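Atoms within a ligand are numbered from 1 in the order they appear, just like the ligands themselves. Just so it is clear, the structure is predicted and the values come from calculations on it, not from any experiment.
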Amino acid sequence: MSQPTTQRRLILERRPQGIATHEDVVLREQPLGDLADGQIMVRNHFFSIDPAIRDWMSERPSYLPPIRIGDPVRSTVIGEVVESRSPSFRPGQIAVGVGGWEEYSVADAGYFSPVELQPGDEEHYYLSIYGAVGLTPYFGLLEVGKPKPGETVLVSAAAGAVGSLVGQIAKIKGCRAVGIAGSDEKCSWIVEELGFDAAINYRTDPDMVASIGRACPEGVDVYFDNVGGEILDATLLNLNKDARIVFCGAISSYNTAEPVPGPYNFWQILARSATIEGYLVSDYLDQFPQGIAQMREWVGEGRLHFKEQIIDGLESTLDAFNLLFEGRNEGKLMIRVAS
Ligand SMILES: NC(=O)c1ccc[n+]([C@@H]2O[C@H](COP(=O)([O-])OP(=O)(O)OC[C@H]3O[C@@H](n4cnc5c(N)ncnc54)[C@H](OP(=O)(O)O)[C@@H]3O)[C@@H](O)[C@H]2O)c1
């Protein structure tokens, strides 16, 4: 089948100030260029909607360069290789890698990995439980947080894609798991269905310092931080000596145009001989196969549960993206571009 000559893509037209709008990110029809040597073309079936993409839309220095104005919004994608000028891929293979919010991604083959679907697998699992989002809690909690049986693990955005797995892995490792989330429904879900020991609704709680203290009566040994801001500050006053903070994300500040203050209680790191470590799952790329194998085993044993939210259509992408910042996503958010 010959490829179309144009495709639809979501282009970063200008840098958002606050929540990204349809003037910042615009759907355009653009020519589908030819491949250079070493490149592949992937017909995207799904792409990932992640909070970090908001950071890449800004000019802040980060672990990846800012998305250039006029380029498609960068994202992890999975789909079928439809053309290859690389010996590493042949047409028909399923590949996952760094593409964009677009129907087709053209990239150097090195940005993609082949996917061998196992019986029972769905392609989109490789953007969720068996992708970076599933491996983020795995390596972050175990390699950075280093929880010991009997310790208390506290996690923010606890009903989200990453956070919901952090608490479940903490339980598998014999810890007390406490989650912070933004609604009573989310709090009930993580306690009643995922097995967390306690949950706190930060949106309605009048005194987070006291509530964390009550939910973690023996103090916090590991804090898996997905949000930063006031929740981090309240946690700092509840840390045990030698506590570990896994600094995984700071979603509370991704849409701020001004510099953010704090943390006000940073001194507690010193006072409690605690450590805070910046963590990127991509630093563990060479260990992904072992991580996936372990996650697969726990999923197979029914010890890990995972929610996905798949929304259809490229044109739904930006509204879907903004659900993340309102707490209205239900699990790992993805767009289905084509089946
Ligand atoms: N370091 C890494 O390698 C790495 C890799 C992947 C993800 N991450 C980070 O992990 C975190 C979670 O990502 P995810 O993909 O799993 O998303 P997610 O948790 O499924 O969705 C984001 C959640 O954040 C919460 N939230 C939004 N605004 C907030 C605010 N102002 N204060 C507190 N909570 C807020 C919302 O839940 P509530 O209803 O609870 O507010 C929302 O549902 C993000 O910070 C992301 O950047 C890091």
Sub-3.5 Å pairs, protein N or O with ligand 1 N or O:
unit_1	atom_1	unit_2	atom_2	d
ligand 1	1 (N)	C248	O	2.9
ligand 1	1 (N)	Y279	O	2.8
ligand 1	3 (O)	V281	N	2.8
ligand 1	10 (O)	N226	OD1	3.3
ligand 1	16 (O)	A161	N	3.4
ligand 1	16 (O)	V162	N	2.8
ligand 1	20 (O)	A161	N	2.9
ligand 1	20 (O)	N329	ND2	3.0
ligand 1	21 (O)	N329	ND2	3.3
ligand 1	34 (N)	Y202	OH	3.2
ligand 1	37 (O)	K186	NZ	3.4
ligand 1	39 (O)	K186	NZ	2.5
ligand 1	40 (O)	G182	N	2.8
ligand 1	41 (O)	Y202	OH	2.5
ligand 1	41 (O)	R203	NH2	2.9
ligand 1	43 (O)	N329	OD1	2.5
ligand 1	45 (O)	N226	O	2.8
ligand 1	45 (O)	Y254	OH	3.2
ligand 1	47 (O)	Y254	OH	2.8

So F139 and Y284, would you call those rings parallel, tilted or perpendicular, with 30° and 60° as cut-offs? parallel
Give the table of side-chain donor-acceptor pairs shorter than 3.5 Å for residues 105-112, with sequence neighbours excluded, one pair per line with atom names and distance.
unit_1	atom_1	unit_2	atom_2	d
S105	OG	N44	ND2	3.0
S105	OG	G100	N	3.4
S105	OG	E102	OE2	2.6

Quick test of your reading: applying salt bridge (charged side-chain N to carboxylate O under 4.0 Å, His left out), list the pairs with at least one residue in residues 116-130, sequence neighbours left out, ordered by first then second residue. D121-R296
May I ask you to check whether T152 and E218 show a side-chain donor-acceptor distance below 3.5 Å? no
Would K307 and E193 pass as an ion pair if we require N to O under 4.0 Å? no
Checking D71 now: which residues fulfil salt bridge (charged side-chain N to carboxylate O under 4.0 Å, His left out) with it, not counting sequence neighbours? R68
